[in-house]
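The block underneath contains the structure these notes are about, expressed in structure tokens.
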Amino acid sequence: MPFNLSEFYKHLKTTFVSGTFCFETIDSTNNYLKEHKDLKTGELIIAETQTAGRGRRGREWKDNPSENLLFSFSYIPRNSIENPGVLSLLCALSLNRVCRKLLGDGSIKWPNDVKIGNRKIAGILLESKTVLTKVSYIVGIGVNVNQVSFDDELKTTATSFYQQLGDVQSREKLLALIMNEIASDIKKLENDKWTELINEYSENCETLKKKISFEIDGQIQEGTALSINPDGSIVINSNGVQVAYHGNEISYIKVL
Ligand code: BTN
């Protein structure tokens, strides 16, 4: 079933979304917003399928047409954000809250993967573009909704709402619930309530207080993840030394 915009608007309870466009096929919803001139906050682009869907760290994001949610939205903060990476943590928190409400389960793998048990259900790609001095953020999100099965390595590492609930879910309602949560969390961020959000994030972050292995500058190390700093970095104790790393510094992180 193609994405039904009026069904989406029926469930949308926020004015954050300022415009919506749904593509049958596009290279990448993130690319579309990046190339778009005069970007405003809350422009939402949805695709049934992407021909060049991108994941974090140059990975591909493949899809089965019309089964999942593939979308990007723009956000132009009124005041500049010191550590933009916090936006992807914020969206992971919003997505995880929706998973917990609908599935009774959900945890965040730092920085921004949302998982059910050991399997990823949603991922986030945060990008930015600057025109003169104006910085716009583009948040791209992929959620596995009605995909019945996964191929190759995803067979054991991915899951979907369908797999969790055993039934087809409304993508329109799910996207509206997600945007409602994201809008409310962005409002909290703008109203200086980031500490509240980072506390909730930490409570829901599976990576914390665990032995982990991680890769930095091509070297695999082991340590214990201790906490998340307000700037979104993770504090890791490795061989008695505590270091804070940002999401773009660590190429992989795994709970042992
Ligand atoms: C990740 O976990 O690696 C991030 C995946 C992000 C995928 C989404 S799908 C919609 C948007 N357009 C893209 O090309 N990527 C993001």
Side-chain angles (χ1 to χ4, degrees), residues 3 8 17 20-36 39 42-75 84-96 98-99 106-116 118-129 136-147 150 152-154 156-161 171-172 174-175 178-179 182 201 205-207 214-215 232 234 246-255:
F3 193 87
F8 165 70
V17 176
T20 318
F21 204 86
C22 194
F23 285 93
E24 183 73 41
T25 305
I26 196 172
D27 55 350
S28 151
T29 53
N30 267 42
N31 291 358
Y32 179 86
L33 285 177
K34 270 179 112 173
E35 287 154 16
H36 195 76
L39 211 51
E43 292 188 46
L44 177 64
I45 304 298
I46 304 156
E48 296 290 357
T49 187
Q50 296 182 128
T51 53
R54 293 184 288 112
R56 291 181 65 229
R57 310 198 74 82
R59 294 189 197 105
E60 250 187 303
W61 187 265
K62 292 191 200 148
D63 65 81
N64 284 3
S66 299
E67 291 188 353
N68 298 325
L69 279 173
L70 311 162
F71 64 98
S72 302
F73 68 88
S74 50
Y75 175 56
V86 299
L87 282 178
S88 64
L89 273 75
L90 177 149
C91 291
L93 177 61
S94 319
L95 278 165
N96 190 59
V98 172
C99 288
S107 60
I108 306 165
K109 179 184 171 200
W110 180 87
N112 55 20
D113 283 349
V114 180
K115 295 176 81 177
I116 309 297
N118 268 334
R119 292 165 184 259
K120 179 162 161 172
I121 198 161
I124 299 165
L125 176 67
L126 171 72
E127 297 184 298
S128 65
K129 76 166 186 182
S136 308
Y137 296 98
I138 292 142
V139 183
I141 300 182
V143 186
N144 301 330
V145 188
N146 289 322
Q147 191 156 341
F150 295 87
D152 309 322
E153 82 276 16
L154 293 183
T156 54
T157 58
T159 190
S160 64
F161 278 78
R171 291 184 300 154
E172 293 81 359
L174 183 57
L175 180 56
I178 292 169
M179 290 314 298
I182 289 175
Y201 179 100
C205 179
E206 60 144 47
T207 323
F214 59 103
E215 186 179 331
I234 191 164
H246 285 276
N248 55 4
E249 292 174 301
I250 292 192
S251 40
Y252 92 76
I253 186 160
K254 194 169 89 186
V255 173

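Residues take their numbers from the sequence shown, with the count starting at 1. Numbering of ligands and ligand atoms starts at 1, following listing order. Because only heavy atoms are used, hydrogens play no part in the values below, and waters and symmetry mates are left out as well, while side chains stay in.
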Given the options Val143, Leu44, Val17, Thr20, Leu175 meets side-chain contact (heavy atoms from CB on, under 4.5 Å) only with Leu44
among protein heavy atoms, the one nearest atom 3 (O) of ligand 1 is Arg56 N, 2.7 Å
Given the options Asp63, Thr25, Thr29, Gln50 meets side-chain hydrogen bond (donor to acceptor under 3.5 Å, both in side chains) only with Thr29
Under 4.0 Å between heavy atoms, the region of Ile141 that gets near ligand 1 turns out to be backbone
Gly142 heavy atoms within 4.0 Å reach ligand 1 at atoms 7 (C), 8 (C), 9 (S)
The answer for which part of Ile124 has a heavy atom under 4.0 Å from ligand 1 is backbone
dist Leu33:CG -> Ile45:CD1 (nearest 0.5 Å) comes out at 5.0 Å
The atoms of ligand 1 lying under 4.0 Å from a heavy atom of Ser72, numbered in the order shown, are 11 (C)
### Residue Lys62 excluded, over 12 heavy atoms near NZ under 6.0 Å
no
the protein heavy atom lying closest to atom 12 (N) of ligand 1 turns out to be Gln50 OE1, 2.9 Å
| If you draw a 6.0 Å radius around CD in Glu215, do more than 12 non-hydrogen atoms from other residues or ligands fall strictly inside? | yes
Ligand 1 atoms nearer than 4.0 angstrom to some heavy atom of Gly53 are 14 (O)
*Any side-chain heavy-atom pair from Ser66 and Arg171 closer than 4.5 angstrom?*
yes
If we number the atoms of ligand 1 from 1 as shown, the ones under 4.0 Å from a heavy atom of Gly55 are 1 (C), 3 (O), 4 (C), 5 (C)
Thr29 heavy atoms within 4.0 Å reach ligand 1 at atoms 10 (C), 11 (C), 12 (N)
**OP:** Consider ligand 1: state whether an atom of it lies below 4.0 angstrom from any non-hydrogen atom of Arg59.
**Re:** no
shortest atom 6 (C) of ligand 1-to-protein heavy-atom contact is with Arg54 O, 3.6 Å
Rounding to 0.5 Å, atoms CD1 (Ile124) and CD1 (Ile182) come to a distance of 7.0 Å
Next item on the list: Please indicate whether any nitrogen or oxygen in Ser28 is less than 3.5 Å from any nitrogen or oxygen in ligand 1.
Entry: yes
Could you say whether the N/O atoms of Trp61 and ligand 1 ever approach to under 3.5 Å? no
Residues Cys99 and Ile116: closest non-hydrogen pair is CB-CD1, 4.2 Å
Item to check | Aromatic ring pairing Phe21/Tyr32, orientation class (parallel under 30°, perpendicular over 60°, tilted between) | outcome: parallel
Tell me, please: is Lys120 in heavy-atom contact with ligand 1, that is, under 4.0 Å?
yes
